[in-house]
Visitor: 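First the structure, which I've put down as structure tokens, then a few questions once you've had a look.
Computed from a predicted structure; not experimentally measured. Just so it is clear, the values below take in all heavy atoms, side chains as well, and ignore hydrogens, waters and symmetry mates. Lettering follows sequence order; numbering is per chain, from 1.
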Amino acid sequence: MSRRVAIVAYAQTKHEPDKDSTREFMIQEVATGALRMAGISKADVDTVVNASGDFLDGRTISNMKTVASSGAYLKDESKVEMDGAFAAFYAYTRILTGNHSVALVVGESMASCYPGYIPSILSLDTSFDRPNSFLHEISAAALQATYYMHKYGITESQLAKVAVKNLRNARMNPFALRSIQGISMSTILKSRMLYSPIRELCAYPFTDGACALVLAEESKVWQLTDKPVWIEGVGFCHDSYYLGERKLSECESVALAAKTAYKMAGVKDPKRDIDVFELHENFSYQELMFYEALGLCPKGKGGETLDARVTEVNGQLPVNPSGGALAANPVHATGLIRLCEVAMQIRGESGKHQLKKKVRTGLAHGQHGLCAQDNIVFILRGGAE
Amino acid sequence: MRNIAIVGVGITKHVSKRRDVNIPEFVYEAVKAAIEDADIGIRDIDALVTGNMPGFEGVNCPELWGGGYWGGYKKPMLRITTGGSTGSSVAQGAFYLVASGVFDTVLTMGFEKQSDGATTVGLESAGMSDFVAMRAYGMPELDPAGAIGMFVFQAISYMARTGCTIDYFDRAAAMLRSNAAKNPYAHIQQQVTAEDIADTPMIAYPLRFGHTCPTSDGACAMIVTTKEKAQKMAKKPAWVNGWSSCAEEASIAGLHGAGSINIDPFDQRGCKFAATKAYAMAGIKEPQKEIHLAEPYVPFAHQLFLYPERLLLFNEGESFRQFDQGVMHRDGRLPICPSGGVVSSNAIGAAAMIRIAECALQIMGKAGERQVTRDVHTAVAHGLGGQANFNVVTVLGDKPAGR
């Protein structure tokens, strides 16, 4: 792998619960936005990777009608039906081979057009789990949360505290869907209980939104930007479908993905080497589990790490200064938004939620499946080197 | 870029309904066959690339459920889906992952267990999203008649522009079904004549029942690896020397959208674009002379003539005349679809991958009774998806490309 690949431009929509738009217009908005930022037209793009889902789009072959809006007409296009961060990985390998120099990655989702948690029920084992319908995205998460809390003595107020932290950060993020004034512990603890112990504000909001990135290989990078954000490491991993087969109180696939990414990027101690973390936490408890899996603290100490305030925006290990997926979660775009937010922090373009400290290296994470079954971890680094 | 090769292939027998297994168990059969074919273990697999068209069996992202059954436990896994071309897009995902140097050995599989769901539901949800266009073309929106509703336009256009007639389609289907009779994995294995096909009812003019593909349960898996490992794993690997894909605006229904134009489904310039790029990558200058075998994606009989032309193997409008001279038959100069093609077995997500797998088997000399009589040094495989707007082309050879 001699070639290097960098993120050179990005764009995301304002994320909303019910956008007065269509998928095609959302995609076009972010695709043209990202290309404009790179100062290029669609003629300069070699390959396009879309991230969307047939079940969420409610149509078979969801990328069929988004060829024009994503600028893929007469180009080498493909679709990754996973979180957008996986699509970014696929675009990255496409560039590494040398077949393509500039790639556009687009992820989108319109939750206002699909029936809530139903698509997650439709991903279940058809012979047992689906007809019994005990499980879906949020009930499975409630099981995991309960087990994790029981095993390590994590309290409900700690879960709420994650939401307070992220939603406070979201107030500073103009793209966030959730923007709640005067957020406090009581706001979170008064929100509706969905599945114990998960409350409404501790779960992601259904979101309409899209995000796009432009990736380019080293020789092209400097023509497109003077602030490239290099992809230094990436790892991803699939875990068992059966919750009983997993070590449910740990996110092993996050740990394995991070191990690969750290090794590739030469990260020895993530606490020392990484300046900012953007995690795809569908539920507040997951953020605590990810702290542990990513090596930010020992097993079971996620709650203590949170209490020590090191993961706050002005802390030593800022996690989700954008507000994370609790602020906005357009499925299939969320992981891309994490990459986008890290790139913005490294380039110093985050505006009101820009960290005070100098950001050189960042970690972005994406997930797919029940209880974070598939995970991907990117290490991004800025600078001329 | 690294040279890469296919070292193992597994295909299940295609049938209408496999009631004895569920989706993960069914796909496992192909995975096991591919791993045994390459004579490796699941430990040798570094990553998986998988895909299918979830609307056809009604399971959202079935790899979440099935990944563990296929050796994906605690391994990187990627899901790629692009419609009918899914199988070839998935395979190209594996090619990119290996050629980029990120992984050494990748297991890739495409599958469809259509008997678990309703094929028409899967197809209609693709068509219904564009009902305004469908009405404009006189297609009843509540009964778009599946994929044939779109491909009859292509067939008529082909006839009008080239002078081809329906009896050629009868003969094409007869050849494909007879080829399938020699293929142990094919769904419809019939030794039939053109007269038998001509006797079948007209579904939508000009395509008869005998011209159309069945709905199958089927799965295909392949092992893709690096040059160094391929030479250890296989006596004669099938080298993947060139690949490319091209997206066009959806034809027929491409009336609205951002600046879209209305494309004649006969045109298929995306296929020419993709083929040109793939040949260039494989170092093939004159495909008409240098390609020895082709597996185009032929779910409807007229495409046996259309796609070889778009793959630049024949001049435009000439392929059915060449067919008359026996060029495309199993013992011909340029055998096309010796496997029997998609007309004989169509498991959506597997079909386009099987085109690549069949080319690989012919190059490895492992095609059994359907092995063609001529020597095969190079072959081209094609996948078609979306509303005939995704074309995916792969060029294989018996020697690695010199790069």
Visitor: What part of Leu124(A) lies closer than 4.5 angstrom to a heavy atom of chain B: side chain, backbone, both or neither?
Guide: backbone
Visitor: Please look at Glu63(B) and chain A and tell me whether the side chain, the backbone, both or neither of the residue comes under 4.5 angstrom of a heavy atom of that chain.
Guide: both
Visitor: On the 0 to 90° scale, with breaks at 30° and 60°, tag the Tyr96(B)-Tyr90(A) ring pair as parallel, tilted or perpendicular.
Guide: perpendicular
Visitor: With no hydrogens and no angle check, do the side chains of Thr81(B) and Lys79(A) hold a donor and an acceptor under 3.5 Å apart?
Guide: yes
Visitor: Output the residues of residues 272-280 of chain B for which the shortest heavy-atom distance to chain A is under 4.5 Å, in residue-number order; output 'none' if no such residue exists.
Guide: Phe273(B)
Visitor: Heavy-atom pairs under 4.5 Å with chain A: which of Gly68(B), Cys61(B), Ser89(B), Gly270(B) has the most?
Guide: Cys61(B)
Visitor: Given the options Pro76(B), Gly386(B), Ser85(B), which has more heavy-atom pairs under 4.5 Å with chain A than any of the others?
Guide: Pro76(B)
Visitor: Please state whether the side chain, the backbone, both or neither of Gln373(A) comes within less than 4.5 Å of a heavy atom of chain B.
Guide: side chain
Visitor: Please determine, among Thr126(A), Thr260(A), Leu370(A), the option with the most heavy-atom pairs under 4.5 Å with chain B.
Guide: Thr126(A)
Visitor: Given a strict heavy-atom distance threshold of 4.5 Å, which part of Pro62(B) is in contact with chain A: side chain, backbone, both, or neither?
Guide: neither
Visitor: For the atom pair CG (Asn389(B)) and CD1 (Ile61(A)), what is the distance rounded to the nearest 0.5 Å?
Guide: 8.0 Å
Visitor: Report the option among Tyr242(A), Tyr241(A), Phe89(A) that has the most heavy-atom pairs separated by less than 4.5 Å from atoms of chain B.
Guide: Tyr241(A)
Visitor: In Å and rounded to the nearest 0.5 Å, what is the NZ to OG distance from Lys74(B) to Ser240(A)?
Guide: 8.0 Å
Visitor: Does any heavy atom of chain B fall under 4.5 Å from the side chain of Asp54(A), the backbone, both, or neither of them?
Guide: side chain
Visitor: Could you check Phe95(B) against Thr97(A) for side-chain contact (heavy atoms from CB on, under 4.5 Å), going step by step and ending with a plain yes or no?
Guide: CA-CA 9 Å; Phe95(B) 302 158; Thr97(A) 56; over 6 Å; no
Visitor: Just verifying a value: how many Å separate Ile80(B) CD1 and Met82(A) CE, rounded to the nearest 0.5 Å?
Guide: 9.5 Å
Visitor: With the side chain counted from C-beta on, respond yes when Leu122(A) and Val59(B) share a heavy-atom pair under 4.5 Å apart, and no when they do not.
Guide: no
Visitor: Residue by residue, which of residues 106-113 of chain B have a heavy atom closer than 4.5 Å to a heavy atom belonging to chain A?
Guide: none
Visitor: Contact between Ser123(A) and Trp65(B) at the side-chain level, heavy atoms closer than 4.5 Å - yes or no?
Guide: no
Visitor: Would you check if His238(A) and Lys75(B) make a side-chain contact, meaning some heavy-atom pair closer than 4.5 Å?
Guide: no
Visitor: For Asp125(A), is it the side chain, the backbone, both, or neither that has a heavy atom closer than 4.5 Å to a heavy atom of chain B?
Guide: both
Visitor: Working to the nearest 0.5 Å, report the span between CD of Gln387(B) and NZ of Lys65(A).
Guide: 4.5 Å
Visitor: Go through the steps to decide whether Thr93(A) and Phe103(B) satisfy the test side-chain contact (heavy atoms from CB on, under 4.5 Å), and finish with yes or no.
Guide: CA-CA 10 Å; Thr93(A) 63; Phe103(B) 299 111; over 6 Å; no
Visitor: Below 4.5 Å from any heavy atom of chain B, which atoms of Ser253(A) appear? Answer side chain, backbone, both or neither.
Guide: neither
Visitor: Identify which of Gly83(B), Pro54(B), Ala47(B) forms the greatest number of heavy-atom pairs closer than 4.5 Å to chain A.
Guide: Pro54(B)
Visitor: When rounded to the nearest 0.5 angstrom, what distance separates CG in Leu64(B) from CG in Asp239(A)?
Guide: 11.5 Å
Visitor: Rounded at 0.5 Å granularity, tell me how far CG in Asn60(B) sits from CD in Glu81(A).
Guide: 6.5 Å
Visitor: Select, from Leu74(A), Val80(A), Ile121(A), Leu56(A), the one with the greatest count of heavy-atom pairs under 4.5 Å involving chain B.
Guide: Leu74(A)
